[in-house]
Structure formats: structure tokens, C-alpha cells
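Just so you know, these numbers come straight off a predicted model, no measurement behind them. These numbers come from the heavy atoms of this one structure, side chains and all, not from hydrogens, waters or symmetry mates.
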Amino acid sequence: MLETLIKQRYQEALTYCSPATSQPCRRIYRNWHPDDHQRREKELEHVKSRFLLSYPAEKYNLVREDDHSPIVNPFYNLSGLFFCATGSPANSEQDETGAGAGGPVATSPYGTTRFQVEFGQLQRDLFPNFKLYFADHYKVVGDWYIQLVVVPSWNARLEEQCVQQGMVELDIQSNPFFYRADDGQYWVSNSPKLWMELFIGCDTIPTTALGEVVDSRLHEKVRKTRNRLSEEEERERHARVIENVALDLVKLVQGLRQGLGPGNEELVDLTYALSTARTTLGVLQSIVPEAQAELEHNEKSREE
């Protein structure tokens, strides 16, 4: 059923974006509210590094004409980060974001803090090779949305989920929604009242080294995700990222035994980093039972 629905929405999206018109995508961007613990940046204080952490996609409290979502449904709940690729009009004289004409729109319903980055820079640094899938096309309160899924070549689980649902794989250099020109510039459809959303399948996106964090104005129609997560939900969020890493490590091992993968120098660095991470994980896991035993001992002593 979902595959049929996706194909139907794909045809509707083609019709809506016909004739195909587009403009340069100066930046992709996402916003968050200061108290939004799910969307906002995280920080590694000991290395002064900030990043965005993926989480299972959620539905916002929006009224959709058809509520079946290929990205969020009872069978698949994809992990990644949503970005908007829609820019202000290319002929606009205002440039509040510093990205040039056609840059990100000045307001956002998702918060006043914004991370914006050139898609090309993000792609070169985090996923030199990727696939692009059409996922959804729907209408909310007068505006139309198209959702595309960016699948890094190293994210085996996400690609599997896209294929199983029957998402439509797009030619990265030739489609009416979001494409790369011969000179490397990415272009996005500028059909009227259309918002282009990219769901990027990266576990983490460093905001210290890539792009920039800027202020933006809050749109009158404010939308909020869940401001706080329970400890169990936060642990599950991290567990899913680690699980995805484990799946891709299995794929890496298979490739190495077939003579594929990184060269010797990169392989040494990678092996060292992974083994160090494994040691850290082992130490943390051994500390937990000891701490639990000590806590139980103290409680027993107090009872006596």
C-alpha cells in the first residue's frame, strides 16, 4: 500500500513542479528553540565541539489531508535530520541571512537559532557518495511540501528502509526537485508555495567545523517538537545511532575482506579510533554494574 501511495504522490509532485523551474540552493538550514532539547545543538565540552544528533523522525502536530507518512509510520521510523532547502526569491534585494540572494528565508516556525550550511560542503565532507530518494508530497494549510531522503553510501540501514518502502530513487543530476548541475552547484525547485525538505541520514553533523549558527526571526506560526525527552527516550536515541554504526561496521568488514575500503594509512587510523571507542564502551559497561552493586550495598546498610 505504501509503495503505491509513494508512486502516486511522486506523480503528483511531478505535475505540481511542471514546468520545472529552479534556483541555486545557497544554503540548507534547520532551526530550533532554545528550550528544545531534541532539535538543538549538543556540545562536547572537553573538546569544545558542537554537533547535531539524529533522532527518530517524528510527526509534527499538523493537519494533513492524508496522514500516511513514508518517513514516520508504524513500520518504519527513519533516523536522521530534517533540513529545509527552500530559499527566498532569487531576485530578492533583502539578505538577512548573509547567504546572498536566494538564501534561506528570514523566518522559521521552528525557532530563532539556525544552523545553515552549503549542501555541497556538507556532502563533500560527510557523504561524498549518496543516493537521493523521493519520499513524500503533501499539503498543509495552503503550502505544499516535498520530502526527499539523502542516503549516504555508508548508511546501509537507511538505504534498505527506503528500498523496502518503495521510495523512488532520483537521478541526482536530473530531477525537477533538487539536483546538482555540471559545475557542482545544487539547485532547488522554486515552484510557488513549495517547501523542499531534505531528510539527511547522518548520525551526527558537526556544527563547529561546518556551516554557521546564526539568529533568525520567528515565524508567526510557531511549531515546537518535544522540548524534553525522558531518560529512556534519550538512551534509545543514542542506542539507535550506535546500532546503525554497528550495522555499517559489519558492511565495512565484509568489504575489507574483499579488498575494498580505505587505504592502509586511513585503515590504521580507523582501526585505532574504533578500538579506542570499544575500550571506552567496555570501561563504561563495567562501571555500571559496580556502581549498581555499591548502591544496593549502601541501601542495605541503611536498612540495617
Side-chain angles (χ1 to χ4, degrees), residues 22-43 48-55 57-62 71 80-123 125-126 138-148 150 177-178 185-200 202 204-229:
S22 59
Q23 67 182 49
C25 179
R26 303 298 184 192
R27 302 284 192 280
I28 60 172
Y29 53 99
R30 62 180 279 119
N31 285 53
W32 60 86
H33 299 279
D35 58 348
D36 194 330
H37 290 247
Q38 181 164 266
R39 290 177 65 92
R40 75 182 190 187
E41 288 178 302
K42 288 184 171 291
E43 183 174 2
K48 302 300 180 184
S49 179
R50 300 187 308 277
F51 63 97
L52 298 173
L53 179 66
S54 69
Y55 53 90
E58 66 172 355
K59 288 182 182 177
Y60 297 107
N61 187 22
L62 304 177
I71 294 180
L81 290 163
F82 271 115
F83 282 80
C84 184
T86 299
S88 56
N91 58 359
S92 173
E93 295 181 358
Q94 296 183 345
D95 178 24
E96 296 187 29
T97 64
V105 296
T107 63
S108 170
Y110 297 107
T112 56
T113 304
R114 167 177 292 171
F115 171 66
Q116 58 185 33
V117 62
E118 290 183 38
F119 182 84
Q121 180 190 16
L122 198 70
Q123 176 253 314
D125 285 15
L126 301 185
Y138 60 93
K139 185 179 183 180
V140 176
V141 196
D143 287 336
W144 285 93
Y145 292 79
I146 289 178
Q147 292 181 338
L148 309 179
V150 176
F177 312 126
F178 183 79
Q185 171 69 55
Y186 284 88
W187 291 67
V188 62
S189 171
N190 59 0
S191 294
K193 292 191 174 182
L194 176 66
W195 295 92
M196 191 68 62
E197 296 184 330
L198 304 179
F199 186 76
I200 299 180
C202 288
T204 59
I205 293 181
T207 56
T208 307
L210 295 173
E212 55 190 349
V213 176
V214 299
D215 294 329
S216 69
R217 291 188 285 115
L218 189 63
H219 193 275
E220 58 183 11
K221 298 178 180 178
V222 178
R223 296 175 189 166
K224 283 194 174 184
T225 57
R226 299 175 58 192
N227 291 339
R228 294 187 179 277
L229 301 177

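Of all heavy-atom pairs between W187 and S22, the closest is CE3-OG, 3.5 Å. In terms of heavy atoms, F178 sits closest to C25 at CE1-SG, 4.0 Å. Minimum heavy-atom separation, R30 to F82: NH1-O, 2.6 Å. In plain terms, the two heavy atoms of P104 and Q116 that are nearest each other are CG-OE1, 3.6 Å. Taking all atoms of both residues into account, the shortest heavy-atom contact from G111 to N31 is O-ND2, 2.8 Å.
Classification of the Y145-Y138 ring pair by plane angle, with boundaries at 30° and 60°, yields parallel.
E118 and Y186 form no side-chain donor-acceptor contact under 3.5 Å, judged by distance and modelled atom types alone.
Distance alone, capped at 3.5 Å, places no donor-acceptor pair between the R217 side chain and the A106 backbone. Panel note: side chain T112, backbone D215; no donor-acceptor pair is recorded below 3.5 Å. Side-chain atoms of Y110 do not come within 3.5 Å of backbone N or O of H219 as any donor-acceptor pair.
Checked against side-chain contact (heavy atoms from CB on, under 4.5 Å), C202 has the following partners two or more places apart in sequence or in another chain: L126, F127, P152, W154, I200, I205. For S189, the side-chain contact (heavy atoms from CB on, under 4.5 Å) partners two or more places apart in sequence, or in a different chain, are C17, S191, L194, M196.
Between the CD atom of E41 and the OG1 atom of T207 there is a distance of 3.5 Å, given to the nearest 0.5 Å.
Looking at E212 and R27, their side chains come closer than 4.5 Å, going by heavy atoms from C-beta outward. By the 4.5 Å heavy-atom criterion applied to side chains, I28 and V117 are counted as neighbours. Side-chain atoms of L218 and H33, non-hydrogen and from C-beta on, do get closer than 4.5 Å to each other. Side-chain contact between T113 and R40 is absent, with no heavy atoms from C-beta onward closer than 4.5 Å. When side chains are defined from C-beta on, L52 counts as touching F83, because their heavy atoms get closer than 4.5 Å.
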(message) Run V105 and W195 through side-chain contact (heavy atoms from CB on, under 4.5 Å) and show every step you take.
(response) CA-CA 11 Å; V105 296; W195 295 92; 4.0 Å; yes
